[in-house]
Number of protein chains: 2
Amino acid sequence: MSKNLTQQLTHKLGEAIVKGDYPIGTRMPSEAVLCEQFSVSRSATREAVKMLSAKGLISSRPKQGITVNPESNWNLYDSEVLEWILKSKPSLQLLKEFTQVRFAIEPMAAKLAAENATPKQLSQIEEALYRIAEAQEGLDDQLDAHINFLNMILLASGNRFFIQLTQFVDAALRVSIRYTNQVKGISNTDVTFHVKVYNAIKDGDGASAQTLIYEVLSDAVALIESRL
Amino acid sequence: MSKNLTQQLTHKLGEAIVKGDYPIGTRMPSEAVLCEQFSVSRSATREAVKMLSAKGLISSRPKQGITVNPESNWNLYDSEVLEWILKSKPSLQLLKEFTQVRFAIEPMAAKLAAENATPKQLSQIEEALYRIAEAQEGLDDQLDAHINFLNMILLASGNRFFIQLTQFVDAALRVSIRYTNQVKGISNTDVTFHVKVYNAIKDGDGASAQTLIYEVLSDAVALIESRL
DNA sequence: ATATACCATTTATCATATAATTGCCCAGTC
DNA sequence: GACTGGGCAATTATATGATAAATGGTATAT
């Protein structure tokens with residue numbers, strides 16, 4: 001649970017907004033009303049409102065009150081916002097959009113990793129490989145192992161914007177599991193695939209690494225689209 | 001300028017943090033000190049601190065004070081954070097990273113646009129084409145016209161996560177102009193290129209649209225890397 | 001009909017008091 | 001001597017009340 005009142009309120013309101021309880025464009029209850037509804041002081045309320053404004057969900061102005069911003073203003077790559085979205089309106093459509101982003105990001109990340117990975121990062125990817133192998137034998141969680149593998153590739157890309165998407169990829173994979181009920185098809189469980197990716201990265205063969213990831217995600221997207 | 005005190009302070013502190021005035025991992029001045037330094041009340045200070053925490057730049061806890069988070073926690077896709085980064089430490093390295101993200105995103109966005117664009121969105125892309133043509137004749141700003149074209153493609157992708165990156169692409173292109181001093185090479189000024197992209201999207205030829213954008217960005221990345 | 005001045009509402013800011021959290025030290029105990 | 005618990009101190013967290021500023025709307029004057 002969130003520690004302090006402000007964060008608790010931020011989460012409650014954030015979830016409610018994302019869920020659609022306060023429709024876009026409409027005015028939320030005024031400061032005073034929110035205080036009463038949630039039995040907190042104005043300080044806590046105002047701080048929560050500020051945090052939500054910082055994430056682009058709302059904006060508040062004198063006289064006009066607190067209004068819900070259009071979705072285009074929301075910071076969708078903020079992991080809290082992402083969490084609220086996943087919690088309140090998971091859907092196959094959302095999974096599709098997630099996977100499309102992975103489709104764009106991961107092949108390029110693998111390419112960059114092949115070109116830039118440090119020896120240390122390489123060994124981290126190799127370790128991730130072992131985890132996947134162990135997961136096959138039931139010694140580790142398959143999903144966690146796969147996510148770890150992808151995260152290591154993102155880290156090895158050496159690009160801070162890719163690195164920041166680790167949480168995003170994490171969320172995307174955890175959603176996918178809800179719908180596919182197995183890792184297979186979304187992220188090939190066959191460890192030989194991951195070995196190929198690792199080898200390409202190790203050999204500095206960016207094009208191969210990129211293509212490998214691209215192909216497997218291509219299948220994943222096709223699978224999801226077939227269900228829509 | 002930012003309207004209210006809280007936002008002003010948020011910007012000042014945000015910029016300072018990104019700039020490195022408060023090194024990562026260190027403790028920032030306490031609430032009380034910040035109040036005095038910037039001559040504002042505790043409410044304003046606390047709200048600014050909350051906004052920066054919401055963006056992942058800092059975290060504050062009793063006794064421990066306000067500490068600067070590692071960069072991996074920053075919400076780099078937040079347009080304000082992006083703005084602060086661009087303002088304080090623009091570099092060719094940063095441009096490279098920006099362009100790599102574009103390299104990942106834009107070809108896929110074009111592909112999706114080809115597959116999903118509505119008639120209205122198609123006509124918006126067509127309009128953007130006219131703007132580029134007019135820009136060639138000096139009737140419109142070239143950079144703005146190019147950014148507009150890319151934004152329309154992102155919008156037509158129908159994927160909210162791509163759509164959200166319009167600001168990112170905007171920032172990336174505006175940085176690139178600082179270094180290349182001309183749009184050429186970063187985003188081909190030849191309008192015939194853009195016509196090809198538009199036609200591919202209009203014809204629903206995702207693969208072609210994707211390849212076209214990929215090729216031109218491939219050149220852009222190569223150009224930047226040659227300067228590093 | 002238009003522009004200006006005023007008014008009411010809501011957030012913004014300031015100020016102060018009290019509570020809660022937590023790192024740290026110190027004493028006590030085994 | 002090392003570990004455990006209590007208590008202290010520093011800092012943020014929360015509550016509350018008062019005042020300022022912003023702004024949409026209204027009324028008024030021309």
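From a predicted model like this one, the values you see are computed outputs, not experimental measurements. Lettering follows sequence order; numbering is per chain, from 1. Computation of the quantities below employed the complete heavy-atom set of this structure, encompassing side-chain atoms and omitting hydrogens, waters and symmetry-equivalent molecules.
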- Task: For B:Phe38 and C:dA12, give me the distance from atom CZ to atom C1', rounded to whole Å.
- Result: 19 Å
- Is any side-chain nitrogen or oxygen of A:Arg61 closer than 4.0 Å to OP1 or OP2 of D:dG24? yes
- Task: Using the six-membered ring wherever Trp is involved, compare the ring planes of B:Phe98 and B:Phe168 and label them parallel, tilted or perpendicular (cut-offs 30° and 60°).
- Result: tilted
- Hey, is B:Glu15 close enough to B:Lys19 for a salt bridge, meaning N to O under 4.0 Å? no
- Message: Tell me whether A:Arg131 is salt-bridged to A:Glu127, with the criterion being a basic N under 4.0 Å from an acidic carboxylate O.
- Response: no
- Query: Does the side chain of A:Lys50 reach to within under 4.5 Å of the side chain of B:Thr10, using non-hydrogen atoms?
  - Reply: no
- Message: Walk along nucleotides 13-18 of chain C from 5' to 3' and tag each nucleotide B, S or - by protein heavy-atom contact under 4.0 Å, base first, then sugar-phosphate.
- Response: BB-BB-
- Task: Rounded off to whole Å, could you give me the CD-to-C1' distance for the B:Gln8 and D:dA22 pair?
- Result: 14 Å
- Side-chain heavy-atom pair B:Phe149, B:Val191 within 4.5 angstrom cut-off: no
- Taking only the side-chain nitrogens and oxygens of A:Ser60, find out if one of them lies under 4.0 Å from OP1 or OP2 of C:dA12. yes
- Please determine, for the side chain of A:Lys63, which listed nucleotide (D:dA13, C:dG23, D:dG24) has the closest atom? D:dG24
- Measure the distance from CD on A:Gln64 to P on D:dG24 and round it to the nearest whole Å. 6 Å
- Check the distance between C:dT9's C1' and A:Ile66's CD1 and give it to me in whole angstrom. 14 Å
- Message: Tell me the interatomic distance from B:Leu9, atom CG, to C:dA12, atom P, rounded to whole angstroms.
- Response: 15 Å
- Message: Side chains of B:Tyr130 and B:Glu126 only: does a donor on one sit below 3.5 Å from an acceptor on the other?
- Response: yes
